[in-house]
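Notes to accompany the following structure.
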Amino acid sequence: MSLRLYNTRTRSVEPFEPHEPGHARIYVCGLTPSAEAHLGHARSFMFFDVLRRYLTHLGLRVTYVQNVTDIDDRSIAAAKGTNTPWTAIVEGYYASFKRSMSRLGVLEPDHEPRATAYIAEIVETIAALVERGHAYAVEDGVYFAVRSFPRYGALSGRNVEELLIGARIAAGENKHDPLDFALWKIAKPDEPSWPSPWGAGRPGWHIECSAMSHALLGEPLDIHGGGFDLIFPHHENEIAQTESLVPPPMANVWMHGGLLQFDGKKMSKSLGNFEPLATLLDRHDPQAIRLLFLQAGYRKPLNFTEESIAGATTGLRRLQAAYDAFRTAPAAGSSGGDVESFRTRFFGALDDDLNTSGAVSVLFDLANDAAQAIERGAGSAASAFFHEALSILGISPSQRKIVEVAQTTTRTFTDGGESLTVVAPGDAEARLPADTLDRLRAAIPAEHLHLNGQTKADAVSDVVKARWLAKRRRDFALADAMREALGAIGVTVTDRKGEASWIVGA
RNA sequence: GGCGACGUAGCCAAGUGGUAAGGCGGAGCUCUGCAAAAGCUCUAUUCCCCAGUUCGAAUCUGGGCGUCGCCUCCA
């Protein structure tokens, strides 16, 4: 296999070889739905989506597990003081997250295990750790004894002595060592709980991943992934738990996606400084967000700004236009040879630790060469390549177009044997200003204004039709005046042969 | 304080020893009455600074400056 991936565990790029030939087993740390998902989550899961798609493209069977930590301190805190049960809060946020992932074209995981559905496995794992002397039960719960695991800190490059500085035991915790972390937390009154040999309680953060990855995939995992911020302590603790029970390594390759910044600032749950993903996706084309993320290296931090998403939106349109041109190119000619060099570069980039930025640049190169490629008869070869490449990247150029078409209304006018189709946005009526009719009447001479439609949107289409007639008379001064009048109420008109479309806004 | 990442054009960004991908923006031209779209062309003698290694460095080494992240919940 020619794919090479960066491995956090070894800090180097290595050839990827699945433990079980032909089958890649991936575990990615998913969401803790105690708040709305944000764009940083989107970046992370979108990257692993591309990884999945590429491994599949390479002919591997991929089993992709992405857990849901559906019980933790935050979700309990979120429910406190409300009449809503914590489960409803968690499921609400998770459903919202799933909707957003779907809009972003992220494939569904093969398994999305919830921690609360694996309490038995979690308890069993903790019991085994206690039995082997890696964990101990005290009054408030069960803790993992970090000192019992000599390799602690290997993944994140820390050592126990340094970690000790600044570490402290919080009030109410009875752990023996400040570095120890909770495997099981005994429930306080009114807290959700499950029975266990140590008392009713809930799992600590980290243990659910050890238990569920073991149950669903076993060790070693081929790839264990998550965001950069999970390296410590989450993944370090997972390793300590799992490798205290099974032979190392827990995972052959550890992959971590770079964090997203929003207008130069870090996003985090504690700061609460982010726009929910769901509303952000209303303002921006999910496909453009995908392209934006793919144009940067997955391991590097990326700063999201209005300017950068605007640029990606424009770039996406160009890729779409090129793909459309290839698809509709005459089938004649079979010169697909020169597309091969683009293919080679594209897959070479992906093989190099998923260099999607380099891969995307190849598509732009081919798009820039579209006119000539079609002339050389390479249109269908280029179309096939584009289709293949875009599906690996998870970009579906046709998707938006279909949505747009579904949301438009058309009216056709005929005059002297010629016809004009006026394409208008489906939501135009609501978006047009209230005084649309008055302003059109004021701006356009009455003899040219025949408003037959019943609605504001119909009236605009009537003006577009009148403008078409004026153009055919070569009365450009009038035609331009009409476009100006439309512009004044926020309508932009675009002429094509036999068709004119208008939208509200730019 | 400890650990780590990064610093490439107006903005975003790839490239980690062989002479600066790509996107956005900008400029000019072609084509359309104009506009939009499309097409053509141009847009970093240079990669934070200084020193060094080398025939050769954005890429390696050392020093400096700056930005950010982790060390506490986080994708």
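Lettering of chains follows the sequences in order, A, B, ..., and the numbering in each one begins at 1. This one's a predicted model, so the numbers in the text were calculated from it and none came from an experiment.
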How far apart are the closest heavy atoms of A:Val339 and A:Phe385, and which atoms are they? CG1-CB, 3.8 Å
At 4.0 Å (heavy atoms only), tell me whether A:Ser357 reaches a base, stays on the sugar-phosphate, or touches nothing. base
Taking the six-membered ring for Trp and the full ring for Phe, Tyr or His, determine whether the centres of A:Phe45 and A:Phe97 are under 6.0 Å apart. yes
Are any of A:Gln372's side-chain N or O atoms less than 4.0 Å away from OP1 or OP2 of B:C40? yes
Looking at A:Asn303, does any N or O in its side chain come under 4.0 Å of the phosphate oxygens OP1/OP2 on B:C12? no
OP1 or OP2 of B:C12 versus the side-chain N and O atoms of A:Lys300: is any pair under 4.0 Å? no
Does A:Arg318 have a side-chain nitrogen or oxygen under 4.0 Å from the phosphate oxygens OP1 or OP2 of B:C24? yes
Give one of base, sugar-phosphate or nothing for A:Asn368, where a contact means two heavy atoms less than 4.0 Å apart. sugar-phosphate
Sugar-phosphate, base or nothing in reach of A:Lys471, heavy atoms under 4.0 Å: base
Taking the C1' atom of each, how far is B:A35 from B:C31, in whole Å? 13 Å
With sugar-phosphate meaning primed atoms plus P, OP1 and OP2, does A:Asp365 contact a base, only sugar-phosphate, or nothing at under 4.0 Å between heavy atoms? sugar-phosphate
Ion pair present between A:Arg467 and A:Asp495, side-chain N to carboxylate O less than 4.0 angstrom? yes
For the P atoms, the ones on B:A20 and on B:U72, what distance do you get once it is rounded to whole angstrom? 46 Å
By the 4.0 Å heavy-atom rule, please label A:Phe476 as base, sugar-phosphate, or nothing. base
5′-ward residue of the pair A:Arg299/A:Glu307 relative to RNA chain B: A:Arg299
Which one is paired to B:A5, where only Watson-Crick or G-U wobble pairs with both distances under 3.5 angstrom count? B:U67
Could you tell me whether A:Asp73 and A:Arg202 have a side-chain N and a carboxylate O separated by less than 4.0 Å? yes
Sugar-phosphate only, base, or nothing, as touched by A:Arg472 at under 4.0 Å among non-hydrogen atoms: nothing
Rounding to the closest angstrom, what is the interatomic distance between B:G15 and B:G7 at atom C1'? 15 Å
